4 protein chains.
Amino acid sequence: MATKGLAIIAGVGPGTGASIARRFGKAYSVVLLSRNPSNFEPLVQEINESGGHALGISTDVSDAKSVNLAFDEIANKFPDSPVAVSIFNPAGGFVRKPFLELTEEEYSSAIYSQAKGAFSFAQRAVPLLLKAKGSIAYPPTLIFTGATASVKGSANFAAFASGKFALRALAQSLAREFGPQGVHVSHTIIDGVIDIPRTKQWVVPGEDSKLSPDAIADSYWYLHTQPRTTFAFELDLRPYLEKW
Amino acid sequence: MATKGLAIIAGVGPGTGASIARRFGKAYSVVLLSRNPSNFEPLVQEINESGGHALGISTDVSDAKSVNLAFDEIANKFPDSPVAVSIFNPAGGFVRKPFLELTEEEYSSAIYSQAKGAFSFAQRAVPLLLKAKGSIAYPPTLIFTGATASVKGSANFAAFASGKFALRALAQSLAREFGPQGVHVSHTIIDGVIDIPRTKQWVVPGEDSKLSPDAIADSYWYLHTQPRTTFAFELDLRPYLEKW
Amino acid sequence: MATKGLAIIAGVGPGTGASIARRFGKAYSVVLLSRNPSNFEPLVQEINESGGHALGISTDVSDAKSVNLAFDEIANKFPDSPVAVSIFNPAGGFVRKPFLELTEEEYSSAIYSQAKGAFSFAQRAVPLLLKAKGSIAYPPTLIFTGATASVKGSANFAAFASGKFALRALAQSLAREFGPQGVHVSHTIIDGVIDIPRTKQWVVPGEDSKLSPDAIADSYWYLHTQPRTTFAFELDLRPYLEKW
Amino acid sequence: MATKGLAIIAGVGPGTGASIARRFGKAYSVVLLSRNPSNFEPLVQEINESGGHALGISTDVSDAKSVNLAFDEIANKFPDSPVAVSIFNPAGGFVRKPFLELTEEEYSSAIYSQAKGAFSFAQRAVPLLLKAKGSIAYPPTLIFTGATASVKGSANFAAFASGKFALRALAQSLAREFGPQGVHVSHTIIDGVIDIPRTKQWVVPGEDSKLSPDAIADSYWYLHTQPRTTFAFELDLRPYLEKW
């Protein structure tokens, strides 16, 4: 197992993160970072039982110290595994509120969960990805999960949009800095409601009107497999019925 | 062969179009449209000899009449084949010149080859794609090939950028109109030099510094296979060394 | 009057064009181009009677020949007047229709009225603007009027968006080519309903919910007066109540 | 003086902020916020001596407490003055460094100085602007100063771009929330080197190749005077020689 490639996935709950973990778990050992162990424990078990190799590490991705501890543990547990892919798929920071009702804490939290968390994550992930070049079949890949709010600030979304815009700025900056060094940096724009347990009760009119988390995971895998001659930076994904 | 899906590809030379034709030729019968038969003849032969099924039709895609004749012939030759995918990958209209040296003909030609050609192509392709829903494994797909000039007007590129911007407008409009009807409309931004016979002599510093046409074709195939829950509209593709 | 600066305005009806003509007519002689003389005749009279100097020339701006004749006449009538500003404010090409009901003529007309008209207009205007440098108080200025459809392709707007995207590509390309030569090229995005005679019956809920053509004209004048140290390329204008 | 309108300007040094203060000081009482009193003291004196009315308040705009104290003092000193305009023109957070050399503090500082500072500022300014409606000649106005990095993440600019993207997200969100309530929210993109004391030694080839801070201030004034029928959200400003 030691020389098998590694996928590090931050932000793993029962939704997109789980699909991504399963998809990358077919090819790589996967490390799952989430604050609450109950978010990754069933998934770790599932992947390990089905022939994969998964490890969960309780991590608060909005806290640099916690992120650093997680990466220290990864270095410890997988000293020889090239890091094939790192995915920042943060859950936190979503808030929808009239601007004047937002608290400073809510605004900060959106920025922390998204942009600052991504900063800490990338600072540890990028050196590992740079080092992995040549040891794995595909270019080492760093993917950030964005949303509609990554490209559009809307009424009641001042906090979340600030976090998501900042995350996209980070992703673009890293793509321009580390792309030429062979690391594939991508950003996705998830534009719509994802079909996960948390949204089961949300009514979106029409059949197949929510994004499939497995299809999102497939798109991440596709991005990962692109050769360095032909990197995509940004991919927008939405249900066919979505207004945009 | 009659019920096999059909892929219609406009703009097929020895470059990207050929890679797209080979890629989609693995799954579908392919119809290749190009003004000059010498552009598709070797490819038609190659695909037919390797177990696929290809037909070339000499077509001037910038001329509505010629496009209509081509689609009439397709209807004739493949009366029962659902059209799984239509790809508009125009070659014409590229011109790089100081604005005041551009002729009216050059400006018109850029618009004709790109936007107006795409209009004629889409008017015939869309009804076929709508009709194909449910008859093929994936959502019927309409893809337009864009370029850097699709999102940036530059000095010396007034004509080409006008054509490419207009093509993107058309693609977006169609995505918003026919996406909800189940047709997957996508637009790609090819940002860099493609590694094809015509560009062999072009020096782009660095290893692997040109886009792989096969990788572009793979990305088109990937777009085609996305489920309707999770459509991408736009994909930007560039070599890792490209400045952007 | 001979050495007074000149403003050339293409697309003058009883709406925005008229406001622009009145605004620039306070400082410059104005030439008004419109196909139908009834569009500019009352305005020419009004400006001339109020101490300004206006000339109307019947011109089909979507037709290069007609545009060239108009500029020949301008050269004739104003041999010594530096061209301070040229404004392309086209009226034609608007069509809102399901894509499959669009005729080739409608699609072409949108492109012709917008992009190709602008091309012909700019080819004649740019040399005059370059020549005017230093003879007028402000940098010579070329402004193109855009719309929501300049940056967003929507269902039922395939033709109009194609024309408006292409126009924006042209404007960007010219700004990047002639800005460094001292000509100020700008593009405006008029996002909403303009309060003109033609839209009087259109109901847009709320007070002051339509764009003021005089305020649009003021913004054009403001753009014109910017020094070359501080050029704006793009200005989006919308009523405060507009959804965007 | 009590009922004269008020302009609150955050981020005032010897550059753009000073020009903005002078420009708005012709019409309004001005409050200048800057951490270091030496940044605003000469300016306050200059404005007061030339017939205007200025007050400086030492404020750390990246610190919510400090911002709140400043607004408390404003309420105290100007209990009856309608707030005509609030401008967030932050100086802090600029850093240009390879990503892996950025410290967490530098990344946080960029976000704090830009986005979080703007959040605190807007939370106090917006209620005052809403209240001022009808008491001043123009719609109350909130302007945020952006930069090239507001719309483009680049190598070595991960921190600054994150802050500037987030600031733009905030501005967009506020424009969409408070525009319909009659507050004019705008965002400018300053694309180039501003001609201020700090950049005097910077060589930018060509004559007039730096942005004029007075011209920037004029553009802010122009935005402020737009009627609510015709609000601009975004204005990009650059020297004619700037590459973009």
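Both backbone and side-chain heavy atoms feed into the values below; hydrogens, waters and symmetry mates do not. What you see is a predicted model, and the numbers here were worked out from it, not measured in a lab. Throughout, a chain's letter reflects where its sequence line sits, starting with A, and its residues are numbered from 1.
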### Query
According to the interplanar angle, ranging from 0 to 90°, do the rings of F165(A) and F165(D) count as parallel (below 30°), tilted (30 to 60°) or perpendicular (above 60°)?
perpendicular

#### Entry: Structural part of L170(A) lying under 4.5 Å from a heavy atom of chain D
both

### Query
Taking A161(A), G163(A), G153(A) one by one, which has the highest count of heavy-atom pairs under 4.5 Å against chain D?
G153(A)

### Option in S154(D), P127(D), S150(D) with maximal non-hydrogen atom pairs under 4.5 Å from chain A
S154(D)

### Message
Closer than 3.5 angstrom, by distance alone: can the side chain of Q123(A) be matched with the main-chain N or O of F99(D) as a donor-acceptor pair?
### Response
yes

### Task
Rounded to the nearest 0.5 Å, what's the gap from CD1 on I111(D) to OG on S108(A)? Could you check?
10.5 Å

#### Entry: Closest contact, heavy atoms only, A155(A) versus R176(D)
N-CB, 3.9 Å

### Task
Below 4.5 Å from any heavy atom of chain D, which atoms of A171(A) appear? Answer side chain, backbone, both or neither.
neither

### Query
Does A158(A) offer a backbone N or O that forms a donor-acceptor pair with the side chain of Q172(D) under 3.5 Å?
no

### Query
In terms of heavy-atom proximity below 4.5 Å to chain D, should P98(A) be classed as side chain, backbone, both, or neither?
both

### Task
Answer yes or no: does atom NZ of K131(D) have more than 12 heavy-atom neighbours from other residues, nucleotides or ligands under 6.0 Å?
no

### Query
Checking heavy atoms, do the side chain of L100(A), its backbone, both or neither come under 4.5 Å from chain D?
both

### Query
Looking at CG of L102(A) and OG of S173(D), how far apart are the two atoms once the value is rounded to the nearest 0.5 Å?
9.5 Å

### Query
Less than 4.5 Å apart, any side-chain heavy atom of N156(D) and any of E177(A)?
yes

### Contacting region of F160(A) [heavy-atom separation from chain D under 4.5 Å]
neither

### Query
Does any N or O in the side chain of E104(A) come within less than 3.5 Å of the main-chain N or O of A64(D), such that one atom is a donor and the other an acceptor?
no

### Message
For K164(A), which atoms come within 4.5 Å of any heavy atom of chain D: side chain, backbone, both, or neither?
### Response
neither

### Message
If I measure from the heavy atoms of chain A, does A118(D) come under 4.5 Å with its side chain, its backbone, both, or neither?
### Response
neither

